[in-house]
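Below: one structure, written as structure tokens.
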Amino acid sequence: MAPRVLRSVEEVKAWGAELRRAGRRLALVPTMGFLHEGHLSLMREGRHRADVVATSIFVNPTQFGPKEDLSRYPRDFEGDLARCASAGVDVVFAPEAGAMYPPGYQTYVEVTEVSKGLCGDRRPGHFRGVATIVTQLLCLFRPDVALFGEKDYQQLQVIKAMNRDLHLGVDIVGMPTVREADGLAMSSRNAYLSPEERKRALALSRGLGAAQALARAGTSEASALTEAVRRELRAADLREDYVELVDAERLTPLPTLQPGQPARLLVAAFSGSTRLIDNQPIGG
Ligand code: AMP
């Protein structure tokens with residue numbers, strides 16, 4: 001069945017109040033649209049964990065830098081509605097920017113620690129925008145559970161910290177990265193890639209795989225593990241933004257893998273002018 005489309009904050013409030021009166025569990029999946037299997041995996045998991053699934057489709061202007069791709073971010077609302085229907089989504093919230101940031105809007109959420117480093121350093125203000133819109137959505141929908149992808153690993157940690165610190169009380173669920181058959185992490189931004197850039201983009205997942213193989217064979221130094229990723233980036237002529245081994249929760253840099261300390265290897269690189277990210281757990 002086609003999902004019901006809500007456009008205004010007032011509609012969401014009225015719909016949510018009715019839902020709570022009926023005592024039904026709600027799962028929320030925030031997205032920026034141009035949906036793919038990665039997004040749909042979150043929606044399907046939401047179906048398992050709640051009675052009702054809502055998705056937001058909103059290209060949030062406050063999380064884009066002045067030189068980033070806000071105006072050309074890919075959109076396909078009709079296609080997205082069909083994909084939501086196929087994943088069992090009940091309600092799609094698709095507001096205009098002015099509904100979330102009306103005149104007089106002046107409240108922003110900053111998560112100070114896990115927003116540091118990695119994408120936080122390369123995209124100033126990005127996580128402030130993310131934390132702000134996700135806080136708005138969690139306060140508006142008051143879901144029991146909200147689902148996010150590990151594909152955006154730092155974002156997931158930012159949202160977990162904010163949910164904890166602000167006592168929002170939502171069950172934040174992180175879901176594994178869904179990949180294309182050849183290993184490329186699915187992303188709406190993959191649509192920007194030419195066929196040749198798409199091939200070269202495989203260096204991210206290939207590099208992470210090479211580092212994982214080294215870790216399994218006993219290598220523990222961050223420098224050797226990150227070099228394995230960099231080698232693949234160079235071979236594919238991709239421009240590195242960062243390659244880092246970090247503590248999986250605090251996201252602080254790790255010089256070596258340590259037994260019993262969960263670690264994550266993260267990479268960001270440009271294929272042509274498109275910035276791509278990927279990550280995976282490593283060691284342990
Ligand atoms: P976006 O529309 O890119 O803002 O993503 C919306 C949600 O889908 C975020 O929680 C992302 O982490 C998640 N997501 C995006 N790509 C993937 C993927 N390949 N696998 C799993 N989740 C994803």
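Indexing begins at 1, ligand by ligand and atom by atom, following the structure's order. Count residues from 1 along the sequence.
Only the backbone of P176 comes within contact range of ligand 1, with a heavy atom under 4.0 Å; no side-chain atom does. Counting heavy atoms closer than 4.0 Å to ligand 1, residue H36 contributes side-chain atoms (C-beta onward) but none from N, CA, C or O. With a 4.0 Å cut-off on non-hydrogen atoms, P30 touches ligand 1 through its backbone and not its side chain.
Less than 4.0 angstrom separates some heavy atom of F148 from each of these atoms of ligand 1: 10 (O). Ligand 1 places these atoms under 4.0 Å from at least one heavy atom of L42: 7 (C), 8 (O), 10 (O), 13 (C). Atoms of ligand 1 lying under 4.0 Å from at least one heavy atom of M32, given by number and element, are 1 (P), 2 (O), 4 (O). Near T177, with a cut-off below 4.0 Å to any heavy atom, the atoms of ligand 1 are 19 (N), 20 (N), 21 (C).
Residue contacts with ligand 1 include H39, since one of its heavy atoms falls under 4.0 Å from the ligand.
F141 has its ring centre less than 6.0 Å from the ring centre of F93.
Looking at M186 next to ligand 1, an N or O pair under 3.5 Å apart turns up. At least one N or O atom of G149, backbone or side chain, sits closer than 3.5 Å to an N or O atom of ligand 1. Checked by distance only, ligand 1 and S41 stay at 3.5 Å or farther apart across all their nitrogen or oxygen atoms. At least one N/O-N/O distance between V178 and ligand 1 falls below 3.5 Å.
When only non-hydrogen protein atoms are considered, atom 11 (C) of ligand 1 lies nearest to D152 OD2, 3.0 Å.
For the 3.5 Å distance criterion, the side chains of Y242 and D121 fail to qualify, holding no donor opposite an acceptor. For the residue pair T219 / E221, no side-chain donor-acceptor distance below 3.5 Å is found, with atom types taken as modelled. Y101 and E96 form no side-chain donor-acceptor contact under 3.5 Å, judged by distance and modelled atom types alone. If you check the side chains of N279 and E150, you find no donor sitting under 3.5 Å from an acceptor.
Each of L276, V243, V229, L184 was evaluated against L204; a single residue qualifies, L276, per the side chain to side chain contact (heavy atoms under 4.5 Å, CB included) test.
When the shell of 6.0 Å around CZ of R47 is examined, it contains more than 12 heavy atoms from other residues, nucleotides or ligands.
Side-chain heavy atoms closer than 4.5 Å link hydrophobic residues (I, L, V, M, F, W, Y) into clusters, and following such links, possibly through other members, connects F127 to L118.
Using a cut-off of 4.0 Å between Lys/Arg side-chain N and Asp/Glu carboxylate O, R83 and E78 are scored as not salt-bridged.
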